[in-house]
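Just so it is clear: chains get the letters A, B, ... in the order the sequence lines come, proteins before strands, and each one is counted from 1. Keep in mind that the numbers below use all heavy atoms, side chains included, and drop hydrogens, waters and symmetry copies. Here the structure is a predicted model, which is why all the values come from computation and not from measurement.
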Number of protein chains: 2
Amino acid sequence: MTATEEPTNGSSAKRKPGNSGATIYDIAKLAGVNPSTVSRALTTPGRINERTEAKIRAAATELNYRVNPFARALPTGRTKLIALMVANITNPVFFDVVRGAQEAATLAGYTLVIADSEESAEQEAIAANKIMPVVDGIALVTSRLEDEQIAALHAEKPVVTMNRVVQGVSSTIPDSVPGVDQLIAHLGSLGHKSIAYLSGPSSAWMNNHRWGLLLDAAVKVGMNIVEIGPNSPTLEAGKAALSRVRASGVTAVVAYNDLMAIGLLREAVANGVSVPGNLSVAGFDDIFGADFTSPGTTTVKTPLLELGRIVINRLIAEIEDPEATAVNAATGLVTTLVVRGSTGQPRQA
Amino acid sequence: MTATEEPTNGSSAKRKPGNSGATIYDIAKLAGVNPSTVSRALTTPGRINERTEAKIRAAATELNYRVNPFARALPTGRTKLIALMVANITNPVFFDVVRGAQEAATLAGYTLVIADSEESAEQEAIAANKIMPVVDGIALVTSRLEDEQIAALHAEKPVVTMNRVVQGVSSTIPDSVPGVDQLIAHLGSLGHKSIAYLSGPSSAWMNNHRWGLLLDAAVKVGMNIVEIGPNSPTLEAGKAALSRVRASGVTAVVAYNDLMAIGLLREAVANGVSVPGNLSVAGFDDIFGADFTSPGTTTVKTPLLELGRIVINRLIAEIEDPEATAVNAATGLVTTLVVRGSTGQPRQA
DNA sequence: TTGATTTTGTCAATCGGTTGCCAAATAAAG
DNA sequence: CTTTATTTGGCAACCGATTGACAAAATCAA
């Protein structure tokens, strides 16, 4: 390619304006019936005579008809679009959530629109308001919004949350207790007496949740635990936390998520701090790449794919039954500890 | 979930059906003007008397008016939605592309809809057809479709591609030559005489493109090169290729992408094949996690974020100017070699 | 003051479906 | 062979905005 833009062909294909497809009126004409009959045949199977319907379907196929979702949305107010709000599309933790959500949405005949809040409550509010009129409902994953803001959205359209509990709003939360208990037991059995929680954003409900569970579990087994943070949930923040972690004198660190754990782990190794000899590191979620590190990252695995599926299915259920009451779903989804090389006996424990 | 769903509160908020907001008719009533005047005031600044417009805007604000995108889309045929088709949303190579695309779309006032083709031409065709009526245009990233299919989409709405060249369709392609030349020079200087290309899917244009460039570059410096594949572009495929790679007798492998390179690298290390001592490994793209491996993965870095931005900007340009002719954009975007530990001198070179 | 221009705002048609209401056609019952 | 019940299909209003055509009002010129 050259410095100047180079046309790959001379003429740009001419294109009909607007939706280029056939309408129900075209079908009606072809099939010799009224447009309303076409509409009924296509949307309410059984309402129309079998033979007529067959004729209409044939005409529709012949004309390569596709309904115009906007024309349909106008009278019905339903678009078959749903939004998935994530904190940061480039955070690998969302990959599997997005995939699960995609699957569930597609399966149910919905199209997923992904919105990115860029880790900011303001951006999240803006994005949510922008997308609201277009979608039938919205799934908030790891929302940073205030409870009141979520309630306000909920008053307009169906809203469900994941990794966040808001009164009156359906939520999908994995059961973190098993994983946390296993992790604390694991660290205890290795001989750790004093550990730290490298916390994430204070506005993240899940951050406080994990901290609370760790605290309980540690106290129960007589282990000391301190919180270091809050921090942003990134590789860089994990990296930057090394000095504070060392200063604290703990022998093991549990980070809010794998990104932070990996950042910390790599920074430690790079600075000659042996992992797990001098410092054990663990994270949450088991994201892509957590097993690439040396040593591999011990982590509390979250069933992200299933969570994505469940949150969307719950949302669709509420869209299709406005009378549905809010529920906490997914309580059957448990986390489990995945032990890799980043946790081990503390030197001279 | 426990056996029974557990309500988090008793009453589900009642919600008005349809779009709950005010309409231009409400504004018109409040401001004492005709609805069409409201429409003009809001969409064609200057067309309406300044004082009238101010009054209308005040009323709109007071009623918390938001335009109904569907009602607008019906007469105009424009939705301000654009689709980004990716081969697999969980492939980290798309993270940065998606992020760049998001940024560009948001900046221009568009909303991005991400569609996933699941690495399949059939799924891609289905997804594209489904999303077409809803969006103003579509960006195909690493499309698996036939040229004719892409042309057919292009005849309907603006279409741009990334990492794919189709006659008459605007494309965004990074300049892979510098990175490939650097890579071959790097391997040559280390003493490699015979290398392999671990190829990706044969339907991926970029796979053939990279293979062609590598072939040229290798031949130019008198290096032997063989193709191993095609393979699916995954960690697993990279892993599975180890035996064939070893059998080929080459001292270095360049994989179609980092996922494959990482899979191969990790499998080699796990099987006692020293990297880079017995085998040098390199990939393409520099995805998230490529630096986590031990040794780190040498790779030809692609400016994915910029590519995402550019492809969307190009698409928007074509949406807003239907007369625009197809161009190859991104002519300034070059790839560069990132050397990490996975490439080195072959033992007894 | 009158006529010519320009500005401002109204009317009404339109986009492509959906749906309540009703009449015609058909089937079942008497 | 009516009468009644049930299908089936057509008519027309409606969802909320946009826009061409045009009339009314305001501005300017002479």
- line: Applied to residues 114-150 of chain A, the ring pair (Phe, Tyr, Trp, His ring centres under 6.0 Å) test, sequence neighbours excluded, yields none
Between [X] ([atom1]) and [N] ([atom2]), how many Å, whole number?
X	N	atom1	atom2	result
A:L74	C:dT19	CG	P	12 Å
B:Y25	D:dT18	OH	P	10 Å
A:I27	C:dG17	CD1	P	8 Å

field: Positions of residues 39-63 of chain A (non-hydrogen atom under 4.0 Å from DNA chain C), listed by number
entry: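 Contacts with DNA chain C under 4.0 Å: A:S39, A:R40, A:T43.
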Contact under 4.0 Å: [X] side-chain N or O vs [N] OP1/OP2:
X	N	answer
B:T37	C:dT10	yes
A:N68	C:dC15	no
B:Y65	D:dA17	yes

statement: The residue, B:G32 or A:I24, whose nearest nucleotide of DNA chain C is more 5′ is B:G32
task: State the CD1-CG distance between A:I312 and A:L112, to the nearest 0.5 angstrom.
output: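 Answer rounded to 0.5 Å: 5.5 Å.
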field: Side chain of B:R72 (C-beta onward), nearest among D:dC11, C:dT10, D:dA17
entry: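 My answer, after comparing the listed nucleotides, is D:dA17.
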task: Side chain of B:T76 only, please: which of D:dT18, D:dC11, D:dC15 is the nearest?
output: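 Looking only at heavy atoms from C-beta outward on B:T76, the closest nucleotide is D:dT18.
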field: side-chain hydrogen bond (donor to acceptor under 3.5 Å, both in side chains) involving B:D147 - partner list, sequence neighbours excluded
entry: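 side-chain hydrogen bond (donor to acceptor under 3.5 Å, both in side chains) check on B:D147 returns B:R164.
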statement: By side-chain hydrogen bond (donor to acceptor under 3.5 Å, both in side chains), A:S39 pairs with (sequence neighbours left out) none
- request: Give a yes or no on whether a donor-acceptor pair under 3.5 Å exists between the nucleobase atoms of C:dC15, that is its base, and the side chain of A:T23.
  value: no
query: Which of these passes side chain to side chain contact (heavy atoms under 4.5 Å, CB included) with A:S143: A:V159, A:T161, A:V169, A:I150?
result: A:I150
message: Against A:E124, only a single residue in A:N129, A:L140, A:V86, A:D116 fulfils side chain to side chain contact (heavy atoms under 4.5 Å, CB included); can you say which?
response: A:L140
- prompt: What is the bend of the helix from C:dT1-D:dA30 to C:dG30-D:dC1 when you compare the axis at one end with the axis at the other, using five pairs each and rounding to 10°?
  reply: 40°
field: Distance-only polar pair, side chains of A:K80 and A:T111, donor-acceptor under 3.5 Å
entry: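 No, no side-chain donor-acceptor pair sits under 3.5 Å.
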task: Using ring-ring contact (aromatic ring centres under 6.0 Å, His included) as the criterion, list what pairs up with B:F95, not counting sequence neighbours.
output: A:F95
query: Under a 4.0 Å N-O cut-off, is there an ion pair linking A:E156 with B:R66?
result: yes
